[in-house]
Amino acid sequence: MNELIRWQVVDPNSGAPLDQQCGHVEVIVPIATSTIAGCEDCLREGSEWVHLRECLTCGRIRCCDNSPRQHSTAHWKADGHPLLRSVEPGESWAWCYPEELFLLPLDD
Ligand SMILES: [Zn+2]
Ligand SMILES: [Zn+2]
Ligand SMILES: [Zn+2]
């Protein structure tokens with residue numbers, strides 16, 4: 001199943017929609033969260049992670065900036081994939097690195 005997510009740019013503090021567009025949202029390829037084992041890079045390196053993020057370009061799972069290795073940010077710097085989203089239970093936000101935009105799914 002390919003769930004299609006549409007995103008809107010919101011204020012990170014209030015969650016209020018902003019009159020702004022992210023120019024990268026078309027690259028999103030969502031994956032099934034049930035298949036997540038952990039940060040792929042941490043699993044390979046034997047390091048630990050705090051929270052998990054999904055790259056919305058390649059669909060790989062990596063760790064957040066509170067994790068020692070910060071693999072999601074390292075991936076953005078190394079490969080230039082602009083968007084990630086949280087795959088933590090109850091969290092649905094996404095982040096655009098190049099534009100520093102906070103995104104939430106748009107409810108129809
Ligand atoms: Zn963007
Ligand atoms: Zn990691
Ligand atoms: Zn990626």
Side-chain angles (χ1 to χ4, degrees):
M1 284 298 278
N2 228 350
E3 112 202 67
L4 182 66
I5 302 175
R6 295 196 299 137
W7 300 90
Q8 63 181 347
V9 177
V10 301
D11 183 297
N13 298 312
S14 68
L18 298 177
D19 188 21
Q20 221 172 333
Q21 298 285 328
C22 169
H24 308 90
V25 287
E26 75 279 5
V27 300
I28 289 175
V29 183
I31 62 157
T33 49
S34 58
T35 62
I36 297 167
C39 171
E40 296 188 12
D41 291 343
C42 283
L43 289 170
R44 194 174 56 240
E45 297 172 8
S47 49
E48 295 189 354
W49 60 86
V50 178
H51 296 119
L52 295 175
R53 311 290 183 236
E54 175 193 11
C55 172
L56 293 179
T57 302
C58 63
R60 297 280 176 79
I61 303 297
R62 295 182 177 84
C63 53
C64 69
D65 280 356
N66 291 327
S67 307
R69 305 282 290 140
Q70 303 184 351
H71 283 125
S72 285
T73 297
H75 176 57
W76 147 243
K77 288 177 178 164
D79 298 314
H81 292 173
L83 289 159
L84 60 72
R85 70 166 171 173
S86 174
V87 290
E88 293 297 318
E91 293 186 6
S92 57
W93 55 267
W95 174 254
C96 172
Y97 278 108
E99 296 175 294
E100 300 191 329
L101 294 176
F102 192 73
L103 305 157
L104 283 175
L106 186 65
D107 306 318
D108 293 57

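First listed ligand is number 1; within each ligand, the first listed atom is number 1. Just the heavy atoms: all of them, side chains too, but no hydrogens, waters or symmetry mates, feed the values below.
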Quiz item: Of all residues at least two apart in sequence or in a different chain, which pass the salt bridge (charged side-chain N to carboxylate O under 4.0 Å, His left out) check with Glu88?
Solution: none

Quiz item: Distance below 2.8 Å from the Zn ion (ligand 3): how many protein N/O/S atoms qualify?
Solution: 4

Quiz prompt | Heteroatom count (protein N, O or S) under 2.8 Å of the Zn ion (ligand 2) | solution = 4

Quiz item: Got a sec, which pairs hit ring-ring contact (aromatic ring centres under 6.0 Å, His included) with one end in residues 37-75, sequence neighbours left out?
Solution: His75-His81

Self-check item: Sidechain-backbone polar pair: Ser67 side chain, Val50 backbone, donor-acceptor under 3.5 Å
Solution: yes

Practice problem: Examine distances only and state if a side-chain atom of Ser86 and a backbone atom of Arg53 form a donor-acceptor pair shorter than 3.5 Å. | Solution: no

Practice problem: Please find the N/O/S atom of His24 nearest to the Zn ion (ligand 1) and write down its name. | Solution: ND1

Quiz prompt | Identity of the N, O or S atom of Glu99 lying closest to the Zn ion (ligand 1) | solution = OE1

Quiz item: Roughly, to 10 degrees, what angle do Cys96 atom SG and Cys22 atom SG form around the Zn ion (ligand 1)?
Solution: 110°

Are side-chain heavy atoms of [X] and [Y] found at a separation under 4.5 Å?
X     : Y     : value
Asp41 : Arg69 : no
Cys22 : Leu83 : yes
Trp93 : Pro12 : no
Trp76 : Pro98 : yes

Hydrophobic cluster membership, with links at side-chain heavy-atom distances under 4.5 Å among I/L/V/M/F/W/Y: are [X] and [Y] in one?
X      : Y     : value
Leu104 : Trp95 : yes
Leu84  : Trp7  : no
Phe102 : Val87 : no

